[in-house]
Protein chains: 2
Amino acid sequence: MSPPANARSSKALLKGPALRKSAPIFAALGDETRLRLVAVLCAGSALSIAQLTDGTDITRQAVTKHLQVLADAGLVRDVKVGRERLWEFESSRLDEARRSLDIIAQQWDAALGRLQLALERS
Amino acid sequence: MSPPANARSSKALLKGPALRKSAPIFAALGDETRLRLVAVLCAGSALSIAQLTDGTDITRQAVTKHLQVLADAGLVRDVKVGRERLWEFESSRLDEARRSLDIIAQQWDAALGRLQLALERS
DNA sequence: TAAATATGCAACAACATAGTTGCATGTCGT
DNA sequence: ACGACATGCAACTATGTTGTTGCATATTTA
């Protein structure tokens, strides 16, 4: 059979912590409200909870919880300034998630390449 | 203030369906078991439920449910072959998710660039 | 100091998710 | 036809998620 040649690399892909560590990041991004918060914050400026709540149909407390989820995933960070709590985007974890998707896409492209090669041989 | 120059583009980023449509994809990827299934299937070969269950500590039915979640997100597809049901990776939705992360990262880089520029001017 | 602002904390309801078990159905090989 | 194999369906439990309300606390500002 042909698969043994790449069986080890695909197993390594799974055992390596890269993919497993990405699951919580994807889970954090897997909510429309949180994805919107990330999109707002990645524009650069640190914003308060009240500012992030404005223009939303949910309560300030709900936004706070979403921000906490994002913070647990390492996607945002908070800085206390006076009576405010400003939230800012943190890019490192998102980069990890990007790399994970790139690895999967790359693996898939390689599989398509092998299929193409096999077809040409027939 | 400096933000108005890019305020419209960041709003367009949010209103565009690209990001909102990605949330369900991230939600589907936000589980260790499902991420593993995707990683296995992106290696190329279509696998049966029994095969995908082997080497796991959960039941076949649990795997079936996870596959259904992935299918709802458009990340995998099933093909019935005899008494088996083979599952294969589907790359288009994953590419959408990749583009969404790229957009966010790009937005962030632009913000850093503006910050750098502002610092140099001082 | 007092009012207004910004946030924190806790309890609650509603719903979704992850996983199980038990049994039924369909398909292959003998 | 019959046993073995692969899967489907439904019910059920346990737990997590999302969002709410009510009240407490800290910080400005007048």
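Every chain is numbered from 1, with letters handed out A, B, ... down the list of sequences. When reading the values below, keep in mind they use all heavy atoms of this one structure, side chains included, and skip hydrogens, waters and symmetry mates. The structure displayed is predicted, hence computed values, not measured ones.
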- Rounding to 0.5 Å, atoms CG (B:L35) and CG (A:L19) come to a distance of 5.0 Å
- Stretch residues 46-56 of chain A: residues that reach within less than 4.0 Å of DNA chain D through a heavy atom: none
- CD of A:Q68 versus P of D:dT18: gap in Å, rounded? 13 Å
- Message: Measure CD/A:E32 against P/C:dA16 and give the value in whole Å, please.
- Response: 15 Å
- Figure out the CG/P separation between B:L86 and D:dG8, and round it to whole Å. 11 Å
- Item | Closest non-hydrogen atom pair between A:A111 and B:G44, with its separation | CB-CA, 3.6 Å
- Can any side-chain N or O of B:S45 pair as donor or acceptor with the backbone N or O of B:L41 at less than 3.5 Å? no
- Task: Using whole Å, report how far CZ of B:R85 lies from C1' of C:dT25.
- Result: 14 Å
- Task: Supply the atom-to-atom distance A:D95 CG to B:I104 CD1, rounded to the nearest 0.5 angstrom.
- Result: 11.0 Å
Can you give me every donor-acceptor pair (side chain of residues 72-82 of chain B, partner residue at least two apart or in another chain, under 3.5 Å) with its distance?
from: B:D72; atom 1: OD1; to: B:Q68; atom 2: NE2; distance (Å): 3.2
from: B:R77; atom 1: NE; to: B:E90; atom 2: OE1; distance (Å): 3.4
from: B:R77; atom 1: NH1; to: B:E88; atom 2: OE2; distance (Å): 3.4
from: B:R77; atom 1: NH2; to: B:E90; atom 2: OE1; distance (Å): 2.3
from: B:D78; atom 1: OD2; to: B:R85; atom 2: NE; distance (Å): 3.0

- Write down the distance between CH2 (B:W87) and C1' (D:dG8), rounded to a whole number of angstrom. 12 Å
- What residue pairs, at least two apart or across chains, pass side-chain hydrogen bond (donor to acceptor under 3.5 Å, both in side chains) with a residue in residues 25-35 of chain B? B:R34-B:H66
- Please list, chain by chain and in numerical order, all residues satisfying side-chain contact (heavy atoms from CB on, under 4.5 Å) with A:E120, sequence neighbours excluded. A:Q116, A:L117
- Students should find that the hydrophobic cluster of B:V69, defined by side-chain heavy atoms under 4.5 Å apart, otherwise consists of none
Table of protein N/O atoms under 3.5 Å from nucleotides 25-27 of chain D N/O atoms:
from: D:dT27; atom 1: O2; to: A:R83; atom 2: NH1; distance (Å): 3.3

- Please report, rounded to the nearest Å, how far the P atom of D:dT17 is from the CZ atom of B:F26. 19 Å
- Item | Set of residues satisfying side-chain hydrogen bond (donor to acceptor under 3.5 Å, both in side chains) with respect to A:D102, sequence neighbours excluded | B:R98
- Pairs satisfying ring-ring contact (aromatic ring centres under 6.0 Å, His included), at least one member in residues 95-122 of chain B, at least two apart: A:F89-B:W108
- Item | Between C1' of D:dT17 and CG of B:D31, the distance in whole Å | 14 Å
- Shared hydrophobic cluster, A:W87 / A:I58 (ILVMFWY, side-chain heavy atoms < 4.5 Å): yes
Please write out the pairs of protein N or O atoms and N or O atoms of nucleotides 12-14 of chain D separated by less than 3.5 Å, giving the distance to one decimal.
none

- Task: For residues 31-63 of chain A, pull every pair meeting ring-ring contact (aromatic ring centres under 6.0 Å, His included), keeping only residues two or more places apart or in separate chains.
- Result: none
So which protein N/O to nucleotides 21-23 of chain D N/O distances come out below 3.5 Å?
from: D:dG22; atom 1: O6; to: A:Q61; atom 2: NE2; distance (Å): 3.2

- Message: Measuring to OP1 and OP2 of D:dG19, would you say a side-chain N or O of A:H66 lies under 4.0 angstrom away?
- Response: yes
Please tabulate, one pair per line, all N/O donor-acceptor pairs under 3.5 Å involving side-chain atoms of residues 49-56 of chain B, not counting sequence neighbours.
from: B:Q51; atom 1: OE1; to: B:S48; atom 2: N; distance (Å): 2.9
from: B:Q51; atom 1: OE1; to: B:S48; atom 2: OG; distance (Å): 3.4
from: B:T53; atom 1: OG1; to: B:I49; atom 2: O; distance (Å): 2.7
from: B:T56; atom 1: OG1; to: B:R36; atom 2: NH2; distance (Å): 3.4
from: B:T56; atom 1: OG1; to: B:L52; atom 2: O; distance (Å): 3.4
from: B:T56; atom 1: OG1; to: B:T53; atom 2: O; distance (Å): 2.9

